[in-house]
Amino acid sequence: MFSNDDLSSLRWDATSGAVEIIDQTLLPHTLRWVHLDSLDAYCHAISYMQVRGAPLIGITAAFGLAHALQENPSDAGMAEAFESLLATRPTAVNLRWALEKILAEVTELLPFARAEAALQCAVELRAEDIANCARIGDNGLALLRQLDAGDTLNIMTHCNAGWLATIQWGTALAPVYKALAAGLKLHVWVSETRPRNQGTNLTAWELGRAGVPCTVVADNSCGQLMRQGQVDCVIVGSDRTAANGDVCNKIGTYLKALAAADNNIPFYVAVPESTIDWRCPAGDQIPIEARDAAEVLAIAGIDAAGENREINLAAAGTRAANPAFDITPAKWVTSLITEHGSFDASEEALASLRVQLGC
Ligand SMILES: CSC[C@H]1O[C@H](OP(=O)(O)O)[C@H](O)[C@@H]1O
């Protein structure tokens, strides 16, 4: 029924227009495809992180808006669906970027023509993401080849910026997959990424499926691994990169950037153009999502019997704060790896790229 292979996080059926996503809250123990059949289902999937990762959030929302226009293609219906989807998560700029792409495509159309045009635009955005992430992989591979001394290349990553955060390839992990295919010997330190554990639950699962040697480590051990000379480079993703090169990414990224700088380790950020917010002059203007404290105070997994369990980690009544992202100032970023090449994380370099792109 679906024309896409299972190594994509979102698939659609060209005949029925049906869209399915992998419910990432169930990974790594259960791989379950979920059919998104209403605007509410799309909004829930993003808010509750069944899908997550900046590019995937945007593309999912694009399909969600297309679905909503099938139900109500009026100006009011379109505006309501746009706002509902935009409100699902505040930080990843891809969400607004993708929704505005759809709006630009359909606003001037007569209502009856909007849904089909929106779906085709969402399908194109999905295909472009695959191609762009593959190019990020190629551009990142060029940097890894410069570091490759012939023995094992130790790469550290944080959170999940693999194909589960995009459609295929990923951003930060795309160079890893390309390097594996190119025959480089590599190993990946996977930072667990408390509190949602995208590293343990998603990145380790992805890399394991792909046959990439990897080791899960506690977030707090990463600085010591760098000091011990066990890390050759760090590659992370981004949820929003400001026009001056400041990077907003999963909480904990900033600390890794500081440790990398202190140990003269290259710190790369894989950033598709869709994640650069040209309208945002600096990182401190990026909204940081504050998620439910329960994500810090409890943890889910399976017990020895294979049963799903959620356990409370703290005493009843314990307070917790749960900022989901942080800002890494551009000065701590060695290079931004984009589909257009690798660039300095600077206002000048990004301004030049913007001129080159004509955007
Ligand atoms: C390629 S974007 C990946 C990016 O998204 C993650 O955030 P979340 O899992 O909360 O959506 C994390 O910041 C990753 O680096």
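Start at 1 and go down the list; that is how both ligands and their atoms are numbered. All of these numbers come straight from a predicted model, not from anything done at the bench.
Heavy-atom contacts of Ala165 reach the following atoms of ligand 1: 1 (C), 3 (C) (cutoff under 4.0 Å). Near Met49, meaning under 4.0 Å from one of its heavy atoms, ligand 1 places the atoms 9 (O), 10 (O). Of all the atoms in ligand 1, the ones that sit under 4.0 Å from a non-hydrogen atom of Pro55 are 1 (C), 2 (S). Using a 4.0 Å cut-off to heavy atoms of Gln198, the atoms of ligand 1 that qualify are 8 (P), 9 (O), 10 (O). In summary, the atoms of ligand 1 found under 4.0 Å from a heavy atom of Ser238, numbered by their order in the structure, are 2 (S).
Counting heavy atoms only, Arg89 comes closest to atom 8 (P) of ligand 1 of the residues Arg89, Arg291, Arg196.
By the 3.5 Å distance cut-off applied to N or O atoms, Gly53 is counted among the residues near ligand 1. At least one N or O atom of Lys250 sits closer than 3.5 Å to an N or O atom of ligand 1.
A donor and an acceptor atom, one from each side chain of Asn72 and Ser74, are located under 3.5 Å apart. With hydrogens and angles left out, the side-chain atoms of Gln50 and Tyr42 include no donor and acceptor closer than 3.5 Å. Remark: the Lys256 side chain and the Ser191 side chain contain an N/O donor-acceptor pair separated by less than 3.5 Å. For the residue pair Asn154 and Gln230, no side-chain donor N or O sits within less than 3.5 Å of a side-chain acceptor on the partner. Judged by distance alone, the side chains of Ser274 and Asn94 do bring a donor and an acceptor atom under 3.5 Å apart. Between the side chains of Asn160 and Arg52, at least one donor N or O sits under 3.5 Å from an acceptor N or O.
With respect to atom 2 (S) of ligand 1, the closest heavy atom belonging to the protein is Ala54 N, 3.2 Å. The protein heavy atom nearest to atom 12 (C) of ligand 1 is Cys159 SG, 3.3 Å. Scanning the protein heavy atoms around atom 1 (C) of ligand 1, the nearest turns out to be Thr171 OG1, 3.2 Å. Ranking protein heavy atoms by distance to atom 15 (O) of ligand 1, first place goes to Asn249 OD1, 2.5 Å. Of the protein's non-hydrogen atoms, Asn160 O, 3.5 Å is the one closest to atom 3 (C) of ligand 1. Shortest contact from atom 4 (C) of ligand 1 to any protein heavy atom: Asp239 OD1, 3.5 Å.
The distance between the ring centers of His187 and Trp189 falls below 6.0 angstrom.
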Would Asp219 and His158 count as a side chain to side chain contact (heavy atoms under 4.5 Å, CB included) here? Give the steps. CA-CA 8 Å; Asp219 295 321; His158 187 60; 3.8 Å; yes

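Partner of Thr60 under the side-chain contact (heavy atoms from CB on, under 4.5 Å) criterion, chosen from Leu85, Val19, Ile46: Ile46.
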